[in-house]
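Since the structure comes first, as structure tokens, the remarks are kept for the end.
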Amino acid sequence: MRKVDKTAGVVEAVKNFNFWGDYVDFRPFGNGHINDTYMVRFRFEGKIRKYILQRINRTVFKKPEEVMSNIIGVTAFLREEVIKNGGDPERETINVIKTKDKKGYYIDGYGDVWRAMVYVVDAISLDLPEDNNDFYQSAVAFGTFQRQLASYPAETLFETIPNFHNTPVRFENFLKSLEKNASGRAENALKEIEFVKAREEFTHVLEDANQKGLLPKRVTHNDTKMNNVMLDKDTREPVCVVDLDTIMPGYSVNDFGDSIRFGASTAAEDEKDLNKVHFDIGLFETYTRGFLKGCGGILTEEEIMLLPEGAKMMTLECGMRFLTDYIDGDTYFKTAYPEHNLVRCRTQFKLVEEMEAQWDEMKKIVAKYK
Ligand code: GN1
Ligand code: MG
């Protein structure tokens, strides 16, 4: 791998996008696990304008042109939806900035791929909800996103990461990594490995429901962490949904589930003290209410009844992905220390266990809203 001078690439990229005004500065931004994100500031007519500039992770996204094609298509569609509803299209959807030669991305001298967008002003992104209302509003945002895109032609979307939320395929990949044990660290995670193996049967539940015609493929976001919603800094109401890299055909219940995995936990995804990590069923109900309100009746009764499966599936799958990456030697997710992925997988499995213990309760809650 080449030694990266991260700064040189940013400076070159900054010069090649159609930003407005005079360049002021840039700085690293956000908590994403995949891409490198920067905030770039310009001054135009005495005012500061902020942009987001990102180096797309090429290990994860093999075809960045397809990622950008999806994002440009979906955001143009959302823009029209927002305008139709009398909203503010500068804030209520991402606005992609093209390069000076009108392309969706820029390739720098190192071969790195960059894209840029307008920074959403007066909005915040939270890693954990500060109160129930924050979480409720994020649910409304992702539900609304689902509804707004219900008539988007899903067949025009590229599958930017094949089998992204195909949990049985993820399970197969986990077994292959285990077999290889590239990091030699599998023996540090025997309990966690058994935990996953014991749930193989469950990994098939959603794919089976789809086969039986009970779970349709829709346009989904696929990375519905709380920190991928921008909330207005004053009203705390949703402004827009961000991080659109993984928009692909998928299951609504997985979009729901990934939010539960991340936001209905009492602790961070990488909390080391498992005594602090709990599945909060009150937050589960809050999110269910908000998500279904946002969806505005587009989900079928069968889909609604599968929301708990979505929650458990995304939590198990994400834990399995962290564990797989630990065994592979940290090749996918950004890590801050050697055991980071192992710590992350443990929080996910703790949540799965607590969901299993409250399964009937979860089913009762969703039944109230169908
Ligand atoms: C990654 O990029 P970021 O941090 O929003 C990952 C998600 C995981 C998440 C775990 C493209 O999301 O699938 O659920 O980390 N994105 C990709 O925090 O793999
Ligand atoms: Mg993100």
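Just so it is clear, the model here is predicted, and its values are computed rather than measured. When a ligand or atom number is given, it counts from 1 through the structure's own listing order.
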Step by step, work out the side-chain contact (heavy atoms from CB on, under 4.5 Å) result for Phe145 and Leu78.
-> CA-CA 9 Å; Phe145 188 77; Leu78 288 174; 3.7 Å; yes

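- For ligand 1 and His33, the ligand atoms under 4.0 Å from any heavy atom of the residue are 2 (O), 3 (P), 4 (O), 10 (C), 15 (O), 18 (O).
- Salt bridge annotation for Arg79-Glu90: present, with a cationic side-chain nitrogen under 4.0 angstrom from a carboxylate oxygen.
- Comment: Asp360 does not engage Lys363 in a salt bridge, judged by the lack of any side-chain N to carboxylate O separation of less than 4.0 angstrom.
- Listed by number with element, the atoms of ligand 1 under 4.0 angstrom from any heavy atom of Lys225 are 3 (P), 4 (O), 5 (O), 9 (C), 10 (C), 12 (O), 15 (O), 18 (O).
- In terms of polar-atom proximity, defined here as any N/O pair under 3.5 Å, Asn222 makes no such contact with ligand 1.
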What's the verdict on side-chain contact (heavy atoms from CB on, under 4.5 Å) for Asp330 and His340, showing C-alpha distance, side-chain angles and the deciding distance?
-> CA-CA 9 Å; Asp330 306 329; His340 206 163; over 6 Å; no

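- In summary, the atoms of ligand 1 found under 4.0 Å from a heavy atom of Thr246, numbered by their order in the structure, are 11 (C).
- Under 4.0 angstrom from ligand 1, the non-hydrogen atoms of Asn228 all belong to its side chain.
- Contacts of Arg261 with ligand 1, taken as heavy-atom pairs under 4.0 Å, involve the side chain alone.
- Using a non-hydrogen distance threshold of 4.0 Å, Phe262 does not register as a contact of ligand 1.
- Residue Asn227 has no N or O atom closer than 3.5 Å to an N or O atom of ligand 1.
- Between Asp108 and Arg55 there is no salt bridge, since no side-chain N of the basic residue sits under 4.0 Å from a carboxylate O of the acidic one.
- Not a single heavy atom of Met314 sits under 4.0 Å from any atom of ligand 1.
- Sorted by first and then second residue, the salt bridge (Lys or Arg N to Asp or Glu O under 4.0 Å) pairs involving residues 37-51 (not counting sequence neighbours) are Asp25-Arg41.
- Residue His165 places no N or O, backbone or side chain, under 3.5 Å from any N or O of ligand 1.
- Environment of NZ in Lys334: crowded, with over 12 heavy atoms of neighbouring residues, nucleotides or ligands closer than 6.0 Å.
- Under a 4.0 Å heavy-atom criterion, Arg321 is in contact with ligand 1.
- Interface of Gly32 with ligand 1, defined as ligand atoms under 4.0 Å from a residue heavy atom, comprises 4 (O).
- Taking only nitrogen or oxygen atoms, main chain and side chain alike, Glu269 reaches within less than 3.5 Å of ligand 1.
- Side-chain contact of Asn173 with Arg321: a donor-acceptor pair under 3.5 Å is absent, judged by distance alone.
- In summary, Glu194 and Lys191 do not engage in a salt bridge, as defined by a charged side-chain N under 4.0 Å from a carboxylate O.
- Residue nearest to atom 5 (O) of ligand 1, selected from Val60, Asn31, Asp223, Thr37: Asp223 (by heavy-atom distance).
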